[in-house]
Amino acid sequence: MRLYDTLTRGLVELPAPPGSIRIYVCGSTVYQRVHVGNSRPFVLGMWLRSWLKETGYDVTLVHNITDVDDKVYAEAARQGIPSRELSERATGWFFEDTDDLGLGRPDVEPRATETIPEIIEFIQELVERDAAYAANGDVYFRVARFPEYGRLSGAKLEEMVAQEESPIKEDQRDFALWKGQKSHEDAAWESPWGLGRPGWHIECSAMAEKHLGETFEIHGGGNDLRFPHHENELAQSRSLGHEFAKIWMHNGMLELDEAKMSKSLGNVVTLREVLDDWGRETLLVFHLTAFWSKPIDFDDAVMSQAAARAESFREVFRNPHEPAPAGAWERFAAALEDDFSTPAALAVMHEWHDHDLLRRALGIFGLESLAAEEEAPPEVVTLAERRQSARANRNFDEADRLRAEIEAAGWEARDDANGFRLVRRQLTSR
RNA sequence: GGCGCCGUGGCCGAGAGGUUAGGCAGAGGCCUGCAAAGCCUCGUACAGCGGUUCGAGUCCGCUCGGCGCCUCCA
C-alpha cells in the first residue's frame, strides 16, 4: 500500500504485511462539542486501521485528546467554571459523539493532562541537549538549532517571522514547550521550572512516543496542523534523535458552505447536529465519497447525495444476490491500496450485486448496518394488510389512501407477486 | 507577500498522450390498478489562452479563479 506523505511530497510504500503499523492521529482540543470537520481525521484513522488489519497488519491507533490549552482556560473562564470541569465535560461529549459514529474506539486515547510526567521528561532532555532553554518559568525550543525546521511546511527558516512577540525569547521564532502559570489559569502542574503547563506542541510528541515509541509509521491530522503544530512536533522529536513519524498524512478541510464559511461561531455545524439530522450512515458515506487529502464542501446537497448512495446500497440487499465476477474484490482493494482512495473503492462497490462481498466491504467502513433490513412495526404491517385486501377488492382509492398512511409512518409498500413488502423510507433530504 | 493544494458534464468524483469510469440527480421507455424496485435508452465535460505533438483533461508556459497555512484551529 502506498500513501501520500507531506514531508517528502510523494507516495510512500508501506512495508508489505505482515508487520505492525503504528498510527498517531492528532485529535481535538476539548472545550465545546466538536464539529463535523473534526470527524474527518477520526474517521480516516479508524478506517485506515480497519483496512490495514484486513490486509494483514497488526495495527495500533493512538488518537489523543488535548485537554489543556488556552482555549480551555478561556472558555471555562467565560462560563465561570473550573477549566478541569469544562475539559472533562467536553471530553465526555467527544466520546459520546464519536461513539455514535459506530466505528469503535482507537486503541489508545491519551489525554495531555495524563501525560505530564512524560512531557516534563521530554522537555528536560531537550534542555540538556541545548535544544531548549528555560527563561522566567517558561521553556522554549531553539528553532535556529534545528536546521531541518520548515521542511514539513515548506517554510524557510530565514523567512519565518515572530510567532508572538516576547522579550523573554532568545529568538522570536522560538516556541514554548512549557508555560509558567498565569494568574487567570486555574490548572497547573509542578515542574523543574515551577508551576505551569505544557506548551502547544510538546504534548503530541510526548504522547505519540509514550504509546508508539520513538519511531512509528503514520502521523495523521488536519492539514491546518502542518504548521506550526506538526512542524514543531517533528523538531522536538528529531532534536532528541528520534525518527518520529515516517509518513505524514494531512487530511483536507471540510468547507462549511451555508453562510460563506465565515469564522463566526454560528457557522460551525457540530458533529452532534449532523448525526441527529442525517444519521451516521449518511455521514460515513459522505466521508467515503471524498478523497481524504482533498478539501470537500459540506452542505445539504452533498449530504442528500450521500444519503441516496447509502440507500442504493440498502437496495442491493433487498434485491437478489448475484455473485460478483472474479477479481471484483481485488479491484476494490487496489483502490484502497492506492493512497486509500475511498471514492474509487466506492465506485467499485456500487457495481456489485454480490451480498457477501458488499457486506464485507461495507464492514471495513463500519457500514455493515446498511445490509440489515429493518422490520416494520405491527401497526404498519396492519395498514399494509388492509391495503392488500382493498386492492384485492379493486378498491383502489382506499388502497392509495392506505399507501399514503404507510408513507406517513415512514414506510413504503412495494407490491410483488407474493403480496407486499415493506421498506423503510430513508431520509434523503433535510 | 511567502509556502502548499486545486480547478473534469446539474452534483460528487475516476482517468494521467490516442477506446464508455462509476455513482447521484434528470429525461424517455418496458413493467405496474397506482407505485416502488429492476431493466433498456439518453449527457460528449475537462477554467481560459498559447505551445509541444500525427494526436492533449492527460506534457510545457502564461492568465484567471478557488482553498489551506503563515496566529488557536482536524
With heavy atoms under 4.0 Å as the rule, sort [X] into base, sugar-phosphate or nothing.
X: A:Thr29; value: sugar-phosphate
X: A:Gly220; value: nothing
X: A:His250; value: nothing
X: A:Ser312; value: sugar-phosphate
X: A:Leu254; value: base
X: A:Ala413; value: base
X: A:Arg421; value: nothing
X: A:Gly37; value: base
X: A:Asp416; value: nothing

- Taking the six-membered ring where the residue is Trp, are the ring centres of A:Phe298 and A:His35 under 6.0 Å apart? no

- Item | Between A:Phe291 and A:Phe340, ring centroids under 6.0 Å | no

- Message: Can a donor-acceptor pair be found, under 3.5 Å and without considering hydrogens, that links the side chain of A:Arg40 to the backbone of A:Gly252?
- Response: yes

- Readout for nucleotides 12-17 of chain B: B = base within 4.0 Å of protein heavy atom, S = sugar-phosphate only, - = neither; 5' to 3' it is BSS---

Please tell me whether [X] and [Y] have a donor and an acceptor in their side chains that are separated by less than 3.5 angstrom.
X: A:Glu337; Y: A:Trp51; result: yes
X: A:Thr60; Y: A:Asp107; result: no
X: A:Glu203; Y: A:Thr66; result: yes
X: A:Lys71; Y: A:Tyr31; result: yes

- Query: Considering Watson-Crick and G-U wobble pairs with both distances under 3.5 Å, what does B:G1 pair with?
  - Reply: B:C70

- Message: Let's test this: given Watson-Crick or G-U wobble pairing with both distances under 3.5 Å, identify the partner of B:A27.
- Response: B:U41

- Based on the glycosidic angle (syn within 90° of 0, else anti), state the conformation of B:G57. syn

Could you tell me how far apart [X] ([atom1]) and [N] ([atom2]) are, to the nearest whole angstrom?
X: A:Leu288; N: B:G22; atom1: CG; atom2: P; result: 19 Å
X: A:Glu412; N: B:A37; atom1: CD; atom2: P; result: 7 Å
X: A:Glu322; N: B:A37; atom1: CD; atom2: C1'; result: 14 Å
X: A:Glu405; N: B:C34; atom1: CD; atom2: P; result: 22 Å
X: A:Phe317; N: B:A36; atom1: CZ; atom2: C1'; result: 19 Å

- Item | Same-atom distance (P) from B:G51 to B:G17, integer angstrom | 23 Å

- Spacing of the C1' atoms in B:G65 and B:C46 (rounded, Å): 16 Å

Minimum-distance nucleotide (side-chain atoms of [X] versus [options]):
X: A:Asn319; options: B:C72, B:C24, B:A37; value: B:A37
X: A:Pro228; options: B:A37, B:C72, B:A35; value: B:C72
X: A:Phe227; options: B:C39, B:G22, B:C70; value: B:C70
X: A:Ala347; options: B:C39, B:G22, B:G33; value: B:G22
X: A:Met253; options: B:G68, B:C39, B:G33; value: B:G68

Check this for me: does the side-chain of [X] come within 3.5 Å of the base of [N] through a donor and an acceptor?
X: A:Asn223; N: B:G4; value: no
X: A:Arg391; N: B:G33; value: yes
X: A:Arg387; N: B:G33; value: yes
X: A:Arg414; N: B:A37; value: no

Mind listing the N/O atom pairs, protein and nucleotides 45-47 of chain B, below 3.5 Å?
none

- Show your working on salt bridge (Lys or Arg N to Asp or Glu O under 4.0 Å) between A:Arg414 and A:Glu315 and close with a plain yes or no. CA-CA 13 Å; A:Arg414 294 184 179 179; A:Glu315 205 58 53; 2.6 Å; yes

- Given A:His219, which of A:His230, A:His229, A:His63 fulfils the ring-ring contact (aromatic ring centres under 6.0 Å, His included) condition? A:His230

- Is the A:His355 ring parallel, tilted or perpendicular to the A:Phe317 ring (thresholds 30°, 60°)? tilted

- Full working for side-chain hydrogen bond (donor to acceptor under 3.5 Å, both in side chains) between A:Thr342 and A:Trp47: CA-CA 10 Å; A:Thr342 56; A:Trp47 283 350; over 6 Å; no

